[in-house]
Undergrad: 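What follows is a structure written as structure tokens; I'll ask about it next.
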Amino acid sequence: MESCFPRALLFVLSAFWVLAELVLAKHAGITRHYKFDIKLQNVTRLCQTKSIVTVNGQFPGPRIIAREGDTVLVKVANHVQNNVTLHWHGIRQLRSGWADGPAYITQCPIQTGQTYVYNFTITGQRGTLFWHAHISWLRATVYGPIVILPKRHVPYPFPQPHKEVPIIFGEWWKADTETIINQAMQSGGAPNISDAYTINGLPGPLYNCSAKDTFKLKVKPGKTYLLRLINAALNDELFFSVANHTLTVIEADAVYVKPFKTSIVLITPGQTTNVLLKTKSHFPNATFLMAARPYATGPASFDNSTTAGILEYHQPSSSPTTKNKLPLLKPTLPRFNDTSLATNFTNKIRSLANAKFPANVPKTVNKRFFFTVGLGISQCSQNQTCQGPNNTRLAASINNVSFVQPNTALLQAHFFKQSNGVYTTDFPANPPFKFNYTGTPPSNIMVSSGTKVVVLPFNTTVELVMQDTSIIGAESHPLHLHGFNFFVVGQGFGNYDPKNDPAKFNLVDPAERNTIGVPSGGWVAIRFLADNPGVWFMHCHLEVHTSWGLKMAWIVMDGKLPKQKLQPPPSDLPKC
């Protein structure tokens, strides 16, 4: 009799142990495998066919779906002549910097005929992000959505939607985009502007011969739809609106926000915004245009056109109306330079900052930085003919340093302690000379150049103020920081005032983001904790400004504990 009892106990205990393992497994997440073949595909838009670089022949590219806690493995095979890298925009990449993707920053590009496996785990994030090529201008056509669902049985902090729909904005050129940027870099002038914007790869009915290339969203009355908005355009911030419908913003850059209602959404390149669209309770006897057009503040010309899709209600079977008779209602979009509307929208975005989703804003600051961002000019070489005065070219800089792309990836140079000749660690913490940043420009507008970085000890709390400059022209710059989310603690117009502005900082529920627009003729202050060892790119997400050098990198050193150190590179890391 006695011998049965321990056996039964053992059985119960082992059942408990298996159960515990299952519970752990459920929360640890699973591994998801994707295969991305980089290949050319003929695509026709605006009545013209061209060969574009795609993933798996799809434009936009395939959707990546994962849950918080999952590991994602994407095997990328390059079948085109271009060098390629992919960036998983907004993914924290905790200790997995080798998978971050910006060319010559965290990796050498994947060359023709080569493969590379991007391997990363999604930690503490849920919502909408996106992936895109991160070399030259290839992200014009190489991009797609990342949908991160909460862990199993964890609800959204808002009503469960009837359906979820990714809406990804893009920019389309009739010409080859690599040719466009190469010619601009040769001439020193501005590159040609795009011919259209797109919604899910389609320009829509407001463009020449594009009525058939229109995104249509079919909806049912009285339902809630979650629209996952992504701005993958190269060079333009966009206003978006759906005629006669109100949108409720519930998330920005994969962080839940305090819900607010709006008829207009502003979304800059690199940003994602989730909105709830509640449909009308009865069949409305109309179809509705959803449209996006640019918010542009700079002196340069821009593509002043409008992309549109159609919101179409399912026809009730009893309705005698034929589809053709329904009126098409159009939204009213703001003027292209409506900075006050843009500012008001941005200011409404606030973290939930509750017990479940706290806003862990650094309250004390270890290191303060003040960066000017903007345009200037640089000298062209003698064997080059440039368009600017005295053979100069347009350049962009941070603290007057225009970033020079190295030939070796910075992360490799850092990890193997071979920085000599690759980069220097003397990036200026403040502008080299003071001037009235948003007033009359100084007489000398030449920028310097170099491959300079800022080195941060592990767990440094950073406050960074980014100041727009009016050299050549004040302009909004969407700045994206790799490897981190940051808190937007303050912003304003004119020159930042270090005496009086910090008193107005929001340290309670500021927006937590990975990309923020530095206001045109103004400044923005952000804070972040440097808790992710590696080399992290920071750049303007207007691709033309990145091409011109509006970029830099942060090196975050290893911490003392094993979990605070960067892992060694994977064996298949591409070589330069």
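Computed over heavy atoms, backbone and side chain alike; hydrogens, waters and symmetry mates excluded.
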Undergrad: Please evaluate residues Thr71 and Thr31 with respect to the criterion side-chain hydrogen bond (donor to acceptor under 3.5 Å, both in side chains), reporting the C-alpha separation (whole Å), side-chain torsions for both, the decisive distance (0.1 Å), and the verdict.
TA: CA-CA 5 Å; Thr71 294; Thr31 300; 4.6 Å; no
Undergrad: Report yes or no: does Asn235 contribute a side-chain atom to a donor-acceptor pair with the main-chain N or O of Val544 at less than 3.5 Å?
TA: yes
Undergrad: Of all residues at least two apart in sequence or in a different chain, which pass the salt bridge (charged side-chain N to carboxylate O under 4.0 Å, His left out) check with Arg293?
TA: none
Undergrad: How would you list, by chain and number, every residue that makes a ring-ring contact (aromatic ring centres under 6.0 Å, His included) with Trp172, sequence neighbours excluded?
TA: Phe59
Undergrad: Let me see the working for Asn485 and Glu512 under side-chain hydrogen bond (donor to acceptor under 3.5 Å, both in side chains), right down to the final yes or no.
TA: CA-CA 6 Å; Asn485 282 352; Glu512 184 183 339; 3.2 Å; yes
Undergrad: Which value, rounded to the nearest 0.5 Å, describes the distance between Ser305 atom OG and Tyr197 atom OH?
TA: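 The OH atom of Tyr197 is 5.5 Å from OG of Ser305, to the nearest 0.5 Å.
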Undergrad: Under 30°, 30 to 60°, or over 60°: which ring-plane class applies to His541 and His89, parallel, tilted or perpendicular?
TA: perpendicular
Undergrad: Would you please test His132 and Phe130 for ring pair (Phe, Tyr, Trp, His ring centres under 6.0 Å) and show each step?
TA: CA-CA 7 Å; His132 61 77; Phe130 73 118; 5.1 Å; yes
Undergrad: side-chain hydrogen bond (donor to acceptor under 3.5 Å, both in side chains), that's the test. Do Ser340 and Asp338 meet it? Break it down for me.
TA: CA-CA 6 Å; Ser340 70; Asp338 195 336; 3.2 Å; yes
Undergrad: Verify whether one side chain among Thr364 and Asn366 offers a donor that lies under 3.5 Å from an acceptor in the other.
TA: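 No - no donor-acceptor pair under 3.5 Å links their side chains.
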Undergrad: Quick test of your reading: applying salt bridge (Lys or Arg N to Asp or Glu O under 4.0 Å), list the pairs with at least one residue in residues 241-262, sequence neighbours left out, ordered by first then second residue.
TA: Asp253-Arg513, Lys258-Asp509
Undergrad: Using only atom types and a distance under 3.5 Å, with no angle test, would you say the side chain of Trp98 pairs donor to acceptor with the backbone of Gln567?
TA: yes
Undergrad: Test of understanding: with ring-ring contact (aromatic ring centres under 6.0 Å, His included), list the residues that count as partners of Phe505, not counting sequence neighbours.
TA: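 Counting only residues at least two positions away or on another chain, Phe505 forms no ring-ring contact (aromatic ring centres under 6.0 Å, His included).
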Undergrad: If only atom types and distance count, is the side chain of Lys551 paired as donor or acceptor with the main-chain N or O of Thr546 below 3.5 Å?
TA: yes
Undergrad: Does a donor on one side chain and an acceptor on the other come within less than 3.5 Å for Asn347 and Asn344?
TA: no
Undergrad: What residues, two or more places apart in sequence or in another chain, satisfy side-chain hydrogen bond (donor to acceptor under 3.5 Å, both in side chains) together with Asn360?
TA: none
Undergrad: Between Glu463 and Lys367, does any side-chain N to carboxylate O distance fall below 4.0 Å?
TA: no
Undergrad: When the ring centroid of His545 is compared with that of His539, is the distance short of 6.0 Å?
TA: no
Undergrad: For Asn495 and Asn436, which I'm curious about, is there any donor-acceptor pair between the side chains at under 3.5 Å?
TA: yes
Undergrad: For Tyr496, is there any backbone N or O sitting under 3.5 Å from a side-chain donor or acceptor partner on Gln467?
TA: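 Yes; at least one donor-acceptor contact below 3.5 Å.
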Undergrad: Is it the case that over 12 heavy atoms from other parts of the model lie below 6.0 angstrom from the NZ atom of Lys348?
TA: yes
Undergrad: Could you work out, with ring-ring contact (aromatic ring centres under 6.0 Å, His included) as the rule, every residue matching Tyr225, not counting sequence neighbours?
TA: His162
Undergrad: Could you tell me whether a side-chain N or O of Thr438 sits under 3.5 Å from a main-chain N or O of Thr469, the two making a donor and an acceptor?
TA: no
Undergrad: Listing request: all side chain to side chain donor-acceptor pair (under 3.5 Å) pairs with a residue in residues 238-248, at least two apart in sequence or in separate chains.
TA: His245-Tyr313
Undergrad: Would you confirm whether Thr307, through its side chain, and Ala292, through its main-chain N or O, come within 3.5 Å as a donor-acceptor pair?
TA: no
Undergrad: If only atom types and distance count, is the side chain of Thr268 paired as donor or acceptor with the main-chain N or O of Glu237 below 3.5 Å?
TA: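 Pair absent, no side-chain N/O of Thr268 close to backbone of Glu237.
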Undergrad: Determine whether the side chains of Thr339 and Tyr295 contain a donor N or O and an acceptor N or O closer than 3.5 Å.
TA: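 Checked: Thr339/Tyr295 side chains pair up, N/O donor to acceptor below 3.5 Å.
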Undergrad: Of all the heavy-atom pairs spanning Ser520 and Ser476, show the shortest one and how long it is.
TA: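 Result for this residue pair: CB-N, 3.6 Å.
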Undergrad: Salt bridge (charged side-chain N to carboxylate O under 4.0 Å, His left out) with Arg95: which residues, sequence neighbours excluded?
TA: none
Undergrad: Only one of Phe427, Phe537, Phe371, Trp536 forms a ring pair (Phe, Tyr, Trp, His ring centres under 6.0 Å) with Trp554, so which one is it?
TA: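 With Trp554 as partner, ring pair (Phe, Tyr, Trp, His ring centres under 6.0 Å) holds for just one option, Phe371.
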Undergrad: Using the rule given for ring pair (Phe, Tyr, Trp, His ring centres under 6.0 Å), can you reason through Phe240 versus Phe169, listing the C-alpha separation, both sets of side-chain angles and the distance that settles it, and then say yes or no?
TA: CA-CA 10 Å; Phe240 172 74; Phe169 303 107; 5.3 Å; yes
Undergrad: Look only at the side chain of Thr460 and the backbone of Ala530, and say whether a donor-acceptor pair between them is shorter than 3.5 Å.
TA: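 Looks like no, no N/O pair under 3.5 Å.
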Undergrad: With a 3.5 Å cut-off and no angle check, do the side chains of Asn337 and Thr297 form a donor-acceptor pair?
TA: no
Undergrad: Taking Ala99's backbone N and O only, do any of them form a donor-acceptor pair with Trp88's side chain (distance below 3.5 Å, no angle check)?
TA: yes
Undergrad: Taking the side chain as every heavy atom from C-beta outward, state whether Asn514 and Phe484 have any atom pair closer than 4.5 Å.
TA: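 In short, these two side chains do not touch, never coming nearer than 4.5 Å.
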Undergrad: Tell me which one of Ile122, Thr121, Val72 satisfies side chain to side chain contact (heavy atoms under 4.5 Å, CB included) with Ile91.
TA: Ile122
Undergrad: Of all the heavy-atom pairs spanning Gly517 and Gln271, show the shortest one and how long it is.
TA: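 Scanning both residues completely, I find the closest heavy atoms to be N-NE2, 4.4 Å.
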Undergrad: Tell me whether the rings of His480 and His87 are parallel (<30°), tilted (30 to 60°) or perpendicular (>60°).
TA: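 Geometry flag for His87 against His480: tilted rings.
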Undergrad: Looking at residues at least two apart in the chain, or sitting in another chain, which of them share a salt bridge (charged side-chain N to carboxylate O under 4.0 Å, His left out) with Lys504?
TA: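 Result, salt bridge (charged side-chain N to carboxylate O under 4.0 Å, His left out) vs Lys504: Asp501.
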Undergrad: For Ile264, is there any backbone N or O sitting under 3.5 Å from a side-chain donor or acceptor partner on Thr262?
TA: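 Checked: pair present.
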Undergrad: Taking only residues two or more places apart in sequence, or in another chain, which ones meet Arg335 in a salt bridge (charged side-chain N to carboxylate O under 4.0 Å, His left out)?
TA: none
Undergrad: Determine whether Tyr143 and Trp131 satisfy the following criterion, ring pair (Phe, Tyr, Trp, His ring centres under 6.0 Å), listing intermediate values before the conclusion.
TA: CA-CA 5 Å; Tyr143 61 81; Trp131 57 266; 7.6 Å; no
Undergrad: Between Phe239 and Phe345, is a ring pair (Phe, Tyr, Trp, His ring centres under 6.0 Å) present by the stated rule, with each step listed?
TA: CA-CA 10 Å; Phe239 287 123; Phe345 177 81; 8.7 Å; no
Undergrad: What residues, two or more places apart in sequence or in another chain, satisfy side-chain hydrogen bond (donor to acceptor under 3.5 Å, both in side chains) together with Glu164?
TA: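 Applying side-chain hydrogen bond (donor to acceptor under 3.5 Å, both in side chains) to Glu164 gives Tyr156, Arg228.
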Undergrad: With sequence neighbours left out, what residues match Ser397 under side-chain hydrogen bond (donor to acceptor under 3.5 Å, both in side chains)?
TA: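 None.
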Undergrad: Run the side chain to side chain contact (heavy atoms under 4.5 Å, CB included) check on Ile146 and Thr128 step by step: do they pass?
TA: CA-CA 6 Å; Ile146 301 177; Thr128 304; over 6 Å; no
Undergrad: Measuring from Ile310:CD1 to Leu329:CG, what's the distance to the nearest 0.5 Å?
TA: 11.5 Å
Undergrad: With side chain to side chain contact (heavy atoms under 4.5 Å, CB included) as the test, pick out the partner of Val535 among Leu566, Ile105, Val453, Asp100.
TA: Ile105
